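Written below as structure tokens is the structure these notes are about.
Chain naming here is simple, since letters A, B, ... match the order of the sequence lines and numbering starts at 1 in each. Worth saying up front: this structure is predicted, and the values here are computed from it rather than measured.
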Amino acid sequence: MEHGTGPLPTIEIYSTLTRTKSPLATVKPGHVGMYLCGPTVYKPSHIGHMVGPVIFDTVKRHLVYSGWRVTWVVNITDVDDKIIAESTARGTTMAKLAEEMTADYLANLHALGVQGIDIMPKATEHIGTIIAFIEGLIAKGCAYSSDGDVYFDVTKDADYGKLTNRSVAAMQGEGGSTAERKRSSADFALWKQAKPGEPAWDSPWGPGRPGWHIECSAMSKAILGPHFDIHGGGLDLVFPHHENEIAQSESLHDLPMATFWMHNGLMQAAGAAGKVGGRPRGADAPADDAAAQAATKISKSTGAEPFKNLLARHRPEAIRMLLLSTHYRSPIHFGEEPLGESARALEAFERLFARYQRIAGTAFHALPCRTRREGDVAVAAAGDEVRPLRDKFLAAMDDDFNTAIAIATLFDFVRTANKFIDQHSLEAKKPAAELATLDAMMLVMRELTGVLGLFLEPPRPAGAADDALTGKLMELIIEIRANARKAKDFTTADLVRTKLTEAGIVLEDRPDGTGWSRK
RNA sequence: GGCUCCGUAGCCAAGUGGCUAAGGCAGCGGAUUGCAAAUCCGCCAUCGUCGGUUCGACUCCGACCGGAGCCUCCA
């Protein structure tokens, strides 16, 4: 209401808590507070760490585009047992390791076009906030200190387990050496006493460090308030992490922590079996193909490769495309095959953009990107075929951010634009009215791809030479071949094309001339 | 064992109690092309199995089979 011109559109969001979709209604009118659980920075990030950020970046883009103000927080867990262990193993400090791995994480996000994060709080910068939060819980009788540790008392939380439908009785708990310090095995640590030599902060319970779950409760409260709109993370965080966050925050505030709990599906290594150390296919295994399709979650423990390495082989845009081509709650089959397919899909779009540039002289990426969804006049200029596609795209995004359908409509859009160019022979003649329509179409395309965060950067244009010499040579070759074709010497013309193809260069004879690109 | 979820064409992947079950890749036929490439047009699924509810289910319920995630660190 206070933002934009018209009423805000209705956006349905699925919440893990209610297991249903309901319309987005915010705590503060017109303003969305969004918190995503970020990484524990002790190793280079892998593809799994990128899923949430890309999805929530897209969520934010769509919300902002639709008229909301959005504050998006992603935390960095920079104090943790694993960081301590890893830094010790490497002979460095926890702080240095965390800094290094945070830089790696940020560089990866940047490559994928994740631009919308507003605040990235670090646990170590909020120790005071965390301690105050714990003190509050102790004062309310929900937590107790025990020999330098502090634990949350799950028996004091009547609805503990509501996110994952678990009962305290059915819980196993951590066990191990801390078991005897806890009153009940399902209790979890808010504060951990430091062992000698470990990084530590002073607290009312002695030197120590925060437990894992408490930082999110404390920092989300400090930045977004005790009750905010969207809390996200991977499905693997639902229990125990988010369950415990809810327990902490709601016990302290007597308010819902977040209205919507959004969880993204996990990365699966596609067709892992049959290739790398999969299940042996012995006599007991059915000989048919279906049995070979085992997919397993990609995680740190399975030794997923650093994302940086992946970027050396694949365009980030192809990765983003792949992540968005499946509904965010579904698992994503990840691997070289799907990535290659995604890259080819991307090229279909880019061929249209190049075609448009040849016709109109305007680079797609130079087009202004409309950032607000009201724009009926401009959209109408794109013609009667485009409007319903745009409506379908927006309806899909409004329905729990269905990027899979959104992308499908983008493919329809590509076909519509290509057909328009074909039908009016825009490459041969350039009638002003049709050119204006094409411009309007591409503006809509620019607008919608912007919502998904795709095609933010210009691709290397087809026919771009690595160096000036290659460019000159290609020009020469194409000219000589053109003369041969003119003289009906197709043997020579085809020989040139065949040899170039073998060398990895594709020629295209178009109505307006011959173009080349690398395969 | 407990708690979630999934099983749609050769592959990937949306979706709905009843109009023609999106889209992509691959394939096939056609237009276009000197031939290609690119582009366009057309073709290609009855929705894991078996029951039940319903006037009607792929969509709801149950059982079964198969797969995944969580219950321990994990985005």
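With hydrogens and angles left out, the side chain of R485(A) and the base of G34(B) share a donor-acceptor pair within 3.5 Å. Within 3.5 Å, a donor on the side chain of D494(A) pairs with an acceptor on the base of G34(B), or the reverse. Checked by distance alone, R497(A) brings a side-chain donor or acceptor within 3.5 Å of a matching partner on the base of C35(B).
The phosphate of G24(B) (OP1 or OP2) has a side-chain N or O of R415(A) nearer than 4.0 angstrom. When the side-chain nitrogen and oxygen atoms of T501(A) are compared with OP1 and OP2 of A37(B), none of them lie within a distance under 4.0 Å. Distances shown here put every side-chain N or O of N264(A) at or beyond 4.0 Å from the OP1 or OP2 atom of A75(B). At U39(B), one or more side-chain N or O atoms of R351(A) fall inside 4.0 Å of OP1 or OP2 (strictly under the cut-off). Between H327(A) and A13(B) there is no side-chain polar atom (N or O) within less than 4.0 angstrom of OP1 or OP2. Remark: K297(A) is in phosphate contact with C70(B), judged by side-chain N or O atoms under 4.0 Å from OP1 or OP2. In this model, the phosphate group of G15(B) is approached by a side-chain N or O of N402(A) to a distance below 4.0 Å at OP1 or OP2.
Counting heavy atoms from C-beta on, the side chains of Y151(A) and R181(A) come closer than 4.5 Å.
When heavy atoms are screened at a 4.0 angstrom cut-off, N418(A) is found touching the sugar-phosphate backbone but no base atom. Residue D412(A) is in sugar-phosphate contact alone, with no base atom involved, counting any heavy-atom pair closer than 4.0 Å across all strands shown. Residue contacts for G48(A): at a heavy-atom cut-off of 4.0 Å it reaches a base atom on one of the strands shown.
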Can you list the steps and then say if L495(A) with K499(A) is a side chain to side chain contact (heavy atoms under 4.5 Å, CB included)?
CA-CA 6 Å; L495(A) 177 71; K499(A) 290 292 179 188; 4.1 Å; yes

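Ranking A37(B), C25(B), A75(B) by closeness to the E508(A) side chain, first place goes to A37(B).
Remark: ring of F490(A) stacked against base of G34(B); centroid gap under 5.5 Å, plane tilt under 30°.
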